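To keep things clear, I will list the structure first and then write my remarks on it.
What you see is a predicted model, and the numbers here were worked out from it, not measured in a lab.
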Amino acid sequence: MLERFHIEPSGVPIYIQIRDQVLRVIGAGLLKPGEQMPTMRQVAVALRIDLNTVRHAYDALARMGALTVRPARGTFVAEHPPMLDLSVEARRLDDLAHRTIASAKAGGIDPAELAQRILAISTSEESDQ
C-alpha cells in the first residue's frame, strides 16, 4: 500500500497530495471499507516527510468521513461513505473540478480532453465490475 504514495514537486501541499492519493486508492477499491491504514509514522518514514504533515492529511480524511480513527487500534477506511449535505457536496465537487482544471492547464492538458478521458475510464471501470 505504501508504494502507492509519492510526493510530487508540483506546488500542491504535501498533505493534500497524500489526502488525494488515499481517496484515489479507496475509490479504486484497492483499500476496502474496514481495512486498516498504514500508521502515520509508516507513511512519514516511507515518504521521508514530517509526521505532522501525515497527521494533517489523516485528520482531513477523518473529517471528510473517509477514515475512522479508533484510539489504541489504528486508522481504518470508513465502513460507509459519509452522508453529506447537498450544498456541501456541490462545493466539494466544484473545488475538485477547479483543482483538476488548474492542474490540467498547468500540465498543458486541455481540460475538455481530460473530462472525456475521465468519463471513458469511469465507464470502463464500471463495465469491468
Looking at every heavy atom in both [X] and [Y], which two are closest together, and how far apart are they?
X   : Y   : value
F5  : V22 : CZ-CG2, 3.4 Å
G65 : A78 : O-CB, 3.1 Å
K32 : V77 : O-CB, 3.4 Å
M37 : L67 : CG-CD2, 3.7 Å
Q21 : H6  : NE2-O, 2.6 Å
A62 : V69 : CB-CG2, 4.4 Å

Stepwise side-chain contact (heavy atoms from CB on, under 4.5 Å) check, L23 with M64:
CA-CA 10 Å; L23 289 172; M64 293 171 71; 3.6 Å; yes

Go through the steps to decide whether R55 and N52 satisfy the test side-chain contact (heavy atoms from CB on, under 4.5 Å), and finish with yes or no.
CA-CA 5 Å; R55 183 181 322 278; N52 286 321; 3.5 Å; yes

Within 6.0 angstrom of R48 CZ, more than 12 heavy atoms from elsewhere
no

Any non-hydrogen side-chain atom of [X] less than 4.5 Å from a side-chain atom of [Y]?
X   : Y   : value
R19 : H56 : no
I14 : L47 : no
V43 : Y58 : yes
Q17 : E8  : yes

Quick check: does any side chain N or O of Q36 sit under 3.5 Å from a backbone N or O of T75, one acting as donor and the other as acceptor?
no

Counting distance only, does the side-chain N/O of E35 pair as donor-acceptor with the main-chain N or O of F76 below 3.5 Å?
no

Between T53 and D50, is a side-chain contact (heavy atoms from CB on, under 4.5 Å) present by the stated rule, with each step listed?
CA-CA 5 Å; T53 301; D50 186 72; 3.8 Å; yes

Rounded distance [0.5 Å steps], CD1 in I26 versus CG in L61
6.5 Å

How long is the span from the CG atom in L51 to the CD atom in Q42, to the nearest 0.5 Å?
11.5 Å

Would you mind writing out the side-chain donor-acceptor pairs for residues 98-115 within the sub-3.5 Å range, not counting sequence neighbours?
| unit_1 | atom_1 | unit_2 | atom_2 | d |
| --- | --- | --- | --- | --- |
| R99 | NE | D95 | OD2 | 3.1 |
| R99 | NH1 | D20 | OD2 | 3.2 |
| R99 | NH2 | D95 | OD2 | 3.3 |
| T100 | OG1 | L96 | O | 2.8 |
| D110 | OD1 | A112 | N | 3.4 |

Test side-chain contact (heavy atoms from CB on, under 4.5 Å) on V54 and T39; report intermediate values, then the result.
CA-CA 9 Å; V54 180; T39 67; over 6 Å; no

Quick check on the hydrophobic clustering: are M40 and I18 connected, directly or via other members, by side-chain heavy-atom contacts under 4.5 Å?
yes

